[in-house]
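One-based numbering, in listed order, for ligands and for the atoms of each.
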Amino acid sequence: MNIAVVGTGYVGLVTGASLAALGHTVVCIGRDKEKISAINHAKTPFYEPGLDGLLRSVVAKRRLSASSDLATSVQSADIIILAVGTPTINDAIDLSSIEKATEQVGSALVGRRKYQVVVVKSTVVPKTTESVIWPILAKYSKRRADTLGLCMSPEFLREGSAVADATKPDRIVIGQMDEKSGRTYAKAYQNVRTPKIFVNLRTAELTKYAANALFATLISYANEISQISEKTGNIDVLDVWRGVHLDGRLTPLVGKKRITPGVVSFIMSGCGYGGSCFPKDTKALLQFARAQKVQSHMIESTIRVNRDQPLTLVGLLEEALPQLRGKRIAVLGIAFKPNTDDTRESPAIPVVKALVQKGAKVVVHDPQAYKKRPIPDFEDDKILYARSARVALTGADAAIVITAWDEYTHVSGRTFVKLMKRPIVVDGRRMYDSAALTRAGVVYKGVGLRME
Ligand code: NAD
């Protein structure tokens with residue numbers, strides 16, 4: 001099939017490359033000429049493990065190309081996928097990019113005779129596809145549902161494992177305006193053996209929010225328990241979670257082997273969720289629920305706990321180092337999670353802001369995210385970037401570890417003690433052995449752990 005993907009961000013490019021790997025001819029449409037040229041030279045414009053190799057293969061086979069010419073690209077496509085950003089502004093979803101993209105697609109499709117299907121892959125609140133996207137498409141294309149189909153198929157890929165998620169999806173949810181739309185879109189995935197769920201448009205839209213809000217809620221729940229542990233004292237929240245996780249309903253024994261499903265990793269204390277999805281999607285869902293006259297206590301609390309959680313790290317730091325003015329504080333990790341360079345809504349942002357406000361000299365390291373400087377929302381002119389974790393730690397009065405990058409897990413207690421002026425370590429991800437670090441002479445502070 002010929003497929004056009006509007007948007008060359010994390011979702012657009014990974015989706016395009018995985019569809020090309022399935023044997024389709026794909027064009028990814030973007031606005032940034034440099035990015036388009038990079039993609040056409042098989043260079044990934046952002047860091048995503050495995051994407052380089054996939055891109056090299058599909059570009060070499062001429063299965064994937066990029067273009068800024070939206071009109072020509074969509075005219076010959078059987079399927080047109082919308083994968084543009086849908087950020088949250090003032091806590092509500094901002095549809096301006098997807099409305100504009102839909103208008104452009106609609107205008108380009110005027111008078112085309114062949115049956116084509118437009119697929120919304122961007123995350124949008126229920127009813128958007130039927131009451132915003134379809135009216136724009138119908139108005140600008142002057143086409144009716146018998147020649148122009150419409151689907152809403154939410155994307156579940158996770159940055160850091162996006163290539164595996166997109167090439168081997170757990171399921172494909174296909175919201176369809178009518179059966180023909182869904183059937184045509186499903187053909188693109190006919191060789192992918194995975195459950196395909198055919199539903200109406202608004203069910204598909206809500207499925208995405210329900211999934212993201214579930215994981216965000218588990219994280220906030222775990223963080224609330226961690227705050228209770230800290231305030232109580234003499235409780236290590238890791239011991240609490242060990243006791244909870246061994247419940248056979250969470251980690252069943254299959255034969256003699258205990259299985260740990262992925263969901264268990266969300267029931268774990270840390271410094272809060274971030275990224276381009278959970279924060280904006282929970283806010284958009286809350287706003288949408290209110291518009292439906294549902295007082296969503298769960299989602300509201302999830303958001304509130306997450307807003308406070310990163311700052312508990314600063315509180316832990318101040319217990320060991322009450323006066324932060326003039327102190328050199330190393331912040332390890334600014335990406336919202338490891339294996340991505342994405343810093344959107346990272347817990348590092350409120351932490352660094354609070355440190356700067358308290359007069360600390362902040363030295364930041366991240367193996368990937370620093371390449372994207374200047375980083376939006378970061379007070380870039382007020383912080384220093386170190387080229388390695390060792391450089392960041394050298395002479396530091398304290399360190400806060402925010403992102404669980406593998407390379408940080410290998411920093412030993414001896415290294416902290418050797419490099420730092422004062423070996424105070426605040427572990428925002430509970431990735432170190434607290435006893436081993438303490439034995440090495442580190443003043444160890446971990447989320448959910450306060451010994452009296
Ligand atoms: P992104 O910001 O990385 O990329 C969006 C791209 O769309 C940008 O490159 C932008 O320039 C481009 N764009 C906007 N309007 C355009 C137009 N008219 N023509 C051509 N290009 C245009 O966003 P993303 O992270 O890829 O997310 C896209 C959507 O997918 C969002 O709705 C998001 O919620 C959803 N989603 C994201 C993830 C994720 O992990 N990033 C996962 C699942 C779903």
Side-chain angles (χ1 to χ4, degrees), residues 4-18 27-36 38-39 44-49 51 66-74 80-89 93-108 118-125 128-129 132-133 136 140 152-166 169-173 204-205 207-213 215-216 273-285 335-337 339-346 372 376:
V5 182
V6 184
T8 51
Y10 290 87
V11 169
L13 188 54
V14 175
T15 302
S18 62
V27 55
C28 285
I29 302 148
R31 296 180 296 194
D32 180 337
K33 294 248 159 85
E34 255 179 55
K35 215 166 158 183
I36 286 166
I39 296 168
T44 40
F46 47 82
Y47 175 72
E48 182 60 44
L51 187 55
S67 169
S68 58
D69 183 352
L70 183 142
T72 309
S73 306
V74 301
I80 299 139
I81 296 177
L82 299 174
V84 302
T86 45
T88 300
I89 295 182
I93 191 165
D94 170 29
L95 295 172
S96 53
S97 280
I98 194 162
E99 285 173 356
K100 182 83 202 146
T102 307
E103 199 179 301
Q104 290 169 326
V105 169
S107 308
V118 174
V119 180
V120 174
K121 214 165 226 316
S122 303
T123 304
V124 290
V125 295
T128 304
T129 307
V132 179
I133 305 298
I136 296 175
Y140 284 89
M152 193 288 148
S153 184
E155 180 52 63
F156 297 101
L157 65 76
R158 299 158 298 170
E159 287 173 25
S161 52
V163 171
D165 291 343
D170 298 331
R171 76 301 207 186
I172 301 174
V173 173
E205 290 163 332
T207 305
K208 174 66 186 170
Y209 284 97
N212 274 1
F215 293 117
Y273 59 78
S276 65
C277 290
F278 288 4
K280 81 169 175 66
D281 291 348
T282 43
K283 286 177 196 158
L285 179 59
F336 81 94
K337 66 175 181 180
N339 298 323
T340 181
D341 56 8
D342 198 342
T343 58
R344 286 178 280 185
E345 305 243 16
S346 168
K372 296 181 92 176

Closest non-hydrogen atom pair between Y273 and T282, with its separation: OH-OG1, 3.6 Å
Minimum-distance protein heavy atom relative to atom 4 (O) of ligand 1: G9 CA, 3.3 Å
Protein contact to atom 35 (C) of ligand 1 [nearest heavy atom, distance to 0.1 Å]: T123 OG1, 3.4 Å
Numbered atoms of ligand 1 (with element) below 4.0 Å of G85, judged on heavy atoms: 5 (C)
Which residue and heavy atom of the protein sit nearest atom 27 (O) of ligand 1, plus the separation: V11 CG2, 3.9 Å
Atom 8 (C) of ligand 1 touched by protein (heavy atom, under 4.0 Å): no
For A83 against V11, the heavy-atom pair lying closest together: CB-CG1, 4.0 Å
Numbered atoms and elements of ligand 1 in range of K35, under 4.0 angstrom, heavy atoms: 9 (O)
Nitrogen or oxygen atoms of Y10 and ligand 1 under 3.5 Å apart: yes
Contact atoms of ligand 1, heavy-atom distance to V6 under 4.0 Å: 19 (N), 20 (C)
Nearest-neighbour protein heavy atom for atom 18 (N) of ligand 1, which is reported as residue plus atom name and distance: Q104 OE1, 2.9 Å
S96 and D94: side chain donor to acceptor below 3.5 Å: yes
Ligand-residue contact atoms, ligand 1 with A101, heavy atoms, under 4.0 Å: 18 (N)
Atom of Y140, atom of S107 and distance for their closest heavy-atom approach: CD2-OG, 3.5 Å
CA sep, side-chain torsions, deciding dist, call: K121, V5, side-chain contact (heavy atoms from CB on, under 4.5 Å): CA-CA 10 Å; K121 214 165 226 316; V5 182; over 6 Å; no
Nearest atoms (heavy-atom pairs only) where L95 meets T128: CD1-CG2, 3.7 Å
N or O contact, T86 vs ligand 1, cut-off under 3.5 Å: yes
Residue-ligand contact K280/ligand 1, heavy atom below 4.0 Å: yes
Sub-4.5 Å side-chain heavy-atom contact between E159 and S276: yes
Protein heavy-atom partner closest to atom 14 (C) of ligand 1 - residue, atom, separation in Å: R31 NH2, 3.4 Å
E159 touching ligand 1 at heavy-atom level, < 4.0 angstrom: yes
For atom 28 (C) of ligand 1, closest protein heavy-atom neighbour: V84 O, 3.5 Å
Which atom of L51 lies closest to which atom of A17, heavy atoms considered: CD1-CB, 4.3 Å
Nearest candidate to atom 44 (C) of ligand 1, where distance is taken over non-hydrogen atoms, out of E99, E48, E155, R158: E155
E48 to Y10 - nearest heavy-atom pair and separation: OE1-CD2, 4.2 Å
Non-hydrogen side-chain atoms of S161 and N339 separated by less than 4.5 Å: no
Donor-acceptor side-chain pairing of T129 and E205 below 3.5 angstrom: yes
T8 OG1 to K35 NZ distance, which is reported to the nearest 0.5 Å: 4.0 Å
Atom 38 (C) of ligand 1: nearest protein contact (heavy atom, Å): C277 SG, 3.2 Å
Heavy atom of the protein closest to atom 25 (O) of ligand 1 (residue, atom name, distance): R344 NH2, 3.3 Å
Proximal ligand 1 atoms for I29, defined as those under 4.0 Å from one of its heavy atoms: 20 (C), 21 (N)
